[in-house]
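Right, one structure below, let's go through it.
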Amino acid sequence: MEKIKLRLALPQDAGRLLAVYAPYVLDSTITWEYTVPTRMEMEKRIEAHLADGFPWLVAEGESGILGYAYAGRMGQRRGFDWDAEISIYLSVDECGKGIGKALYAALLALLAKQGYCNCYALVTHPNPRSESFHKAMGFTQVGLLPKAGYKKGQWVDLCYYTMLICDLPQYPRRPLPLEGLDPNMVQQILKCAAKMVHERA
């Protein structure tokens, strides 16, 4: 298996990230987006997440970007400051190889270091692969919104998965932006997570 590197995403990755994302928009109900974003729109999304201090990670191999995962706010009001919503997309040919596990492991570790406490993933149901993946990663399903979305001629449910990634402090400090973490520690987390893929191979 080719050597995998995890790194922070850059706005100029937008085109290659769209190559990963587009099939999910066009051919599935996994994302409820109807049209593939433009490259400029994808660049803006990456920039917005980074500006908000959240991680956006890519898994890169010799053949290019194989997948990505990112975090953002769960809600806009102040009381949501310690909650993060996360998402992941892999190239269709790369599913089941451990790349998703490595991306999530790094993403969750970084969020915990920043001071986030709760992580949430919103998953279309039915989506057996994603549902099994989140459960294997330690997430628990805590809710289901029946027939919440419509795409591809069908009504689909939305599942809420959650994971507590650190002990809840009585007086929590506001989370640090990603750039507030020690860069060496960030790189160490990314390298350790990438090794998970190589060890599995």
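Numbering starts at 1 and runs along the sequence shown.
Linking ILVMFWY residues whenever their side-chain heavy atoms come closer than 4.5 Å, directly or via other members, places I65 and V36 in the same cluster. Hydrophobic clustering (ILVMFWY, side-chain heavy atoms < 4.5 Å, transitive): M74 and I88 are in distinct clusters. By the criterion of side-chain heavy atoms lying less than 4.5 angstrom apart, applied directly or through intervening Ile, Leu, Val, Met, Phe, Trp or Tyr residues, L17 is grouped together with L26 in one hydrophobic cluster.
The salt bridge (charged side-chain N to carboxylate O under 4.0 Å, His left out) search around R129 returns none, not counting sequence neighbours. Residues that satisfy the side chain to side chain contact (heavy atoms under 4.5 Å, CB included) test with A136, not counting sequence neighbours, are absent from this structure. In this view, Q141 and L144, C159, Y161 satisfy the side chain to side chain contact (heavy atoms under 4.5 Å, CB included) rule, not counting sequence neighbours. The side chain to side chain contact (heavy atoms under 4.5 Å, CB included) check on S28 picks up Y24, I30, with sequence neighbours excluded. The side chain to side chain contact (heavy atoms under 4.5 Å, CB included) check on Q154 picks up T29, K152, V156, with sequence neighbours excluded. Shown here are the ring pair (Phe, Tyr, Trp, His ring centres under 6.0 Å) partners of W155, two or more places apart in sequence or in another chain: Y150. Taking E43 as the reference, R39 meet the salt bridge (charged side-chain N to carboxylate O under 4.0 Å, His left out) condition, with sequence neighbours excluded. Listed by chain and number, the residues in a salt bridge (charged side-chain N to carboxylate O under 4.0 Å, His left out) with E47 amount to none (sequence neighbours excluded).
At a threshold of 4.5 Å between non-hydrogen side-chain atoms, the residues F133 and V123 do not count as touching. Counting only heavy atoms from C-beta outward, the side chains of D13 and R7 approach each other to under 4.5 Å. Residues F139 and I86 form a side-chain contact, since some pair of their non-hydrogen atoms from C-beta on lies under 4.5 Å apart. The side-chain heavy atoms of L181 and I189, taken from C-beta on, include no pair separated by under 4.5 Å.
Here the closest non-hydrogen pair linking L90 and G100 is CD1-N, 3.8 Å. Across all non-hydrogen atoms, the minimal contact from A84 to Y116 is CB-CD2, 4.3 Å. The two atoms that bring L158 and A148 nearest to each other are CB-CB, 4.3 Å, heavy atoms only. Heavy atoms only, all atoms of each residue included: C119 and L111 are closest at SG-CD1, 3.6 Å. Summarising the geometry of A69 relative to L107, their closest heavy-atom pair is CB-CD2, 4.1 Å, with the distance given to 0.1 Å. Taking each heavy atom of G67 and L103 in turn, the nearest pair found is C-CD1, 3.9 Å.
By the 4.5 Å side-chain criterion applied to Ile, Leu, Val, Met, Phe, Trp and Tyr, L164 is assigned to a cluster that also includes L168.
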- request: Decide yes or no on salt bridge (Lys or Arg N to Asp or Glu O under 4.0 Å) for E131 and K135, but give the supporting numbers first.
  value: CA-CA 6 Å; E131 293 175 78; K135 290 175 182 176; 5.3 Å; no
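Atom CG of residue L8 and atom CG of residue L10 lie 7.5 Å apart, to the nearest 0.5 angstrom. M163 CE to N118 CG: the interatomic distance, rounded to the nearest 0.5 Å, is 11.0 Å. Rounding to the nearest 0.5 angstrom, the gap separating the CH2 atom in W82 from the CD1 atom in I165 is 14.0 Å. Between the CZ atom of R45 and the CE atom of M42 there is a distance of 6.5 Å, given to the nearest 0.5 Å. To the nearest 0.5 angstrom, D157 atom CG is 5.0 Å from K147 atom NZ. Distance check, rounded to the nearest 0.5 Å: OG1 of T162 to CD of E85 gives 11.5 Å.
Within the 3.5 Å criterion, the main-chain N or O of V20 finds no donor-acceptor partner in the side chain of R16. Counting only distance, with no hydrogens or angles, the side chain of D52 and the backbone of H49 share no donor-acceptor pair below 3.5 Å. Under the 3.5 Å distance criterion, the side-chain polar atoms of K5 are left unmatched by any main-chain donor or acceptor of L190. Not one N or O on the side chain of Q187 forms a donor-acceptor pair closer than 3.5 Å with the backbone of P183.
The side chain to side chain donor-acceptor pair (under 3.5 Å) analysis of residues 100-114, with sequence neighbours excluded, yields the pairs Y104-H134. Within the structure, the salt bridge (Lys or Arg N to Asp or Glu O under 4.0 Å) test picks out no pair touching residues 159-172 (sequence neighbours left out). A side chain to side chain donor-acceptor pair (under 3.5 Å) check over residues 170-185, counting only residues at least two apart or in different chains, returns the pairs D81-R174.
Just one of Y89, F54, Y21, W56 meets the ring-ring contact (aromatic ring centres under 6.0 Å, His included) condition when paired with Y70; it is W56.
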